[in-house]
Trainee: 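Structure provided below as structure tokens; questions to follow.
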Amino acid sequence: MSFTLATWNINSVRLREGLVSKLLSEEAPDVLCLQECKSPVDKIPLQAFADLGYPHMVAQGQKGYNGVAILSRLPLEEAGSRDFASLGHARHVAARLPNGVTVHNFYVPAGGDVPDREVNEKFGQKLDYLAEMRDTFHADRPERAILVGDLNIAPREDDVWDHKKLLKVVSHTPVEVEALGAVQDAGGWTDVTRADIPDGKLYSWWSYRAKDWDAADKGRRLDHVWATADIATAASDSRVLRTARGWEKPSDHAPVFARFDL
DNA sequence: ATGGTTGGAGCCCAA
């Protein structure tokens with residue numbers, strides 16, 4: 001069985017219901033993982049997505065902030081959700097596909113502006129969140145699993161538009177990159193996107209603040225697709241749908257895709 | 001060194 005999967009920080013699923021529908025219609029991933037839904041679960045416009053062939057959803061939501069959802073053409077079995085770092089935020093949900101593959105969908109805290117937990121509580125929360133992810137996957141090593149989401153860290157030099165300029169910018173600091181690497185090691189996760197596209201600059205997020213995001217191209221790869229080693233070799237066709245960043249009233253993130261032949 | 005934009009809630013906070 002093969003399936004395609006996409007992950008997209010949608011920055012309000014209700015405001016951008018039309019863009020989600022456009023993606024489902026035009027790209028037709030079997031599974032779509034959304035972050036920053038900014039909606040209680042019962043206010044996600046599920047009927048619109050069901051009408052397009054996506055009747056299955058598992059989600060965690062809250063009013064106004066955060067929120068994660070997995071939409072699927074295939075039946076989903078709820079596989080839990082965790083409140084890492086006890087923030088009381090809807091940042092994680094997991095589901096099991098009919099082939100037994102578990103999909104973890106994460107929205108890691110952005111971490112505020114100053115990369116110092118002594119002066120910026122949010123940065124500490126981000127590091128605590130990552131540490132609990134690491135400990136969880138270390139204690140219970142995942143198998144036949146996929147981890148996707150907005151991890152809010154661009155780990156590699158070619159995941160950002162200027163490595164040196166961003167070394168002290170939250171999302172690309174060495175301490176964050178190290179913490180993300182520890183999560184990856186603890187779970188035995190392979191970075192599927194970079195296994196498929198090993199060379200060259202690759203971004204999934206461009207700030208709203210740039211005058212011309214496309215021309216300036218000051219992007220970062222914050223959105224990731226990982227898989228455990230037992231299924232990572234089944235992955236292919238990774239891509240970032242950069243054109244979605246240029247759609248009308250866009251999210252500041254572009255969807256990231258992968259295909260799995262299992 | 002600074003300011004730039006967006007969304008949601010509710011007259012500012014998070015990204």
Side-chain angles (χ1 to χ4, degrees), chain A residues 7-23 33-45 48 59-69 83-92 105-117 119-130 148-155 159-162 164-173 175-176 179-180 203-224 242-256:
Chain A
T7 178
W8 195 12
N9 179 317
I10 192 60
N11 188 17
S12 176
V13 70
R14 282 185 280 172
L15 188 69
R16 284 184 243 286
E17 173 190 336
L19 293 192
V20 174
S21 295
K22 180 178 169 72
L23 186 85
C33 297
L34 298 171
Q35 303 87 34
E36 276 207 272
C37 297
K38 294 185 172 177
S39 172
V41 172
D42 61 3
K43 293 194 174 168
I44 295 174
Q60 286 289 307
Q62 64 185 88
K63 196 168 100 175
Y65 300 94
N66 310 312
V68 286
D83 179 19
F84 295 89
S86 304
L87 300 175
H89 297 173
R91 295 183 177 274
H92 170 252
N105 181 16
F106 277 97
Y107 175 49
V108 171
D113 286 333
V114 183
D116 178 351
R117 72 188 308 157
V119 299
N120 170 21
E121 182 186 36
K122 289 194 175 64
F123 193 72
Q125 290 174 349
K126 181 177 196 174
L127 296 179
D128 291 346
Y129 195 96
L130 292 161
V148 306
D150 177 3
L151 305 185
N152 265 315
I153 296 171
D159 291 337
V160 296
W161 66 279
D162 190 319
K164 283 187 179 171
K165 280 196 173 72
L166 289 173
L167 275 171
K168 292 179 178 173
V169 174
V170 173
S171 74
H172 192 61
T173 64
V175 63
E176 292 169 86
L180 189 68
Y203 316 136
S204 64
W205 174 86
W206 295 261
S207 171
Y208 284 126
R209 296 175 190 176
K211 279 192 213 95
D212 184 340
W213 71 272
D214 195 24
D217 201 21
K218 293 182 174 180
R220 307 176 200 169
R221 188 172 70 101
L222 304 179
D223 303 276
H224 298 266
R242 184 181 168 117
T243 53
R245 181 62 180 78
W247 288 350
E248 190 73 22
K249 288 271 280 174
S251 167
D252 46 355
H253 294 252
V256 182

Trainee: What interatomic distance, in whole Å, is found between C1' of B/dG7 and the corresponding atom of B/dC11?
Mentor: 15 Å
Trainee: Keeping A/H92 on the side-chain end and A/H89 on the backbone end, is there a donor-acceptor pair under 3.5 Å?
Mentor: no
Trainee: Could you tell me how far B/dA9 sits from B/dC13 if I compare only their P atoms? Round to whole Å.
Mentor: 16 Å
Trainee: Using the C1' atom on both, measure B/dG10 against B/dA14 and round to a whole Å.
Mentor: 15 Å
Trainee: Roughly how many Å is it from CG in A/L151 to P in B/dA15, rounded to a whole number?
Mentor: 15 Å
Trainee: Please work out if A/K249 contacts a base, only the sugar-phosphate, or nothing of the nucleic acid, heavy-atom cut-off 4.0 Å.
Mentor: sugar-phosphate
Trainee: Quote, to the nearest angstrom, the P distance that separates B/dA15 from B/dT2.
Mentor: 23 Å
Trainee: A/Y129 has an atom OH; how far is it from atom P of B/dA15, in whole Å?
Mentor: 13 Å
Trainee: Specify the residue among A/D113 and A/L15 whose closest nucleotide of DNA chain B lies further upstream toward the 5′ end.
Mentor: A/L15
Trainee: Working to the nearest 0.5 angstrom, can you tell me the gap between A/D212 CG and A/D217 CG?
Mentor: 10.0 Å
Trainee: Among B/dA9, B/dG7, B/dA15, which is the nearest nucleotide to the side chain of A/R14?
Mentor: B/dA9
Trainee: What's the closest nucleotide to the A/K63 side chain, out of B/dA15, B/dC13, B/dG10?
Mentor: B/dG10
Trainee: Could you check how far NZ of A/K122 sits from C1' of B/dA14, rounded to whole Å?
Mentor: 7 Å
Trainee: Looking for any heavy atom pair under 4.0 Å, which part of the strands does A/R91 touch: base, sugar-phosphate only, or nothing?
Mentor: sugar-phosphate
Trainee: Rounded to the nearest angstrom, tell me the gap between atom CD in A/Q62 and atom P in B/dA15.
Mentor: 10 Å
Trainee: Kindly compute the distance separating CD (A/Q35) from CG (A/L222), expressed to the nearest 0.5 Å.
Mentor: 11.0 Å
Trainee: So, are A/D113 and A/K122 salt-bridged, with charged N and O less than 4.0 Å apart?
Mentor: no
Trainee: Take the protein atom CG of A/N120 and the nucleotide atom P of B/dC13, then report the distance between them rounded to whole Å.
Mentor: 15 Å
Trainee: Less than 3.5 Å apart, any donor N or O on the side chain of A/Y129 or A/N152 sitting next to an acceptor on the other?
Mentor: no
Trainee: Report yes if at least one side-chain N or O of A/R209 is closer than 4.0 Å to OP1 or OP2 of B/dA15; otherwise report no.
Mentor: no
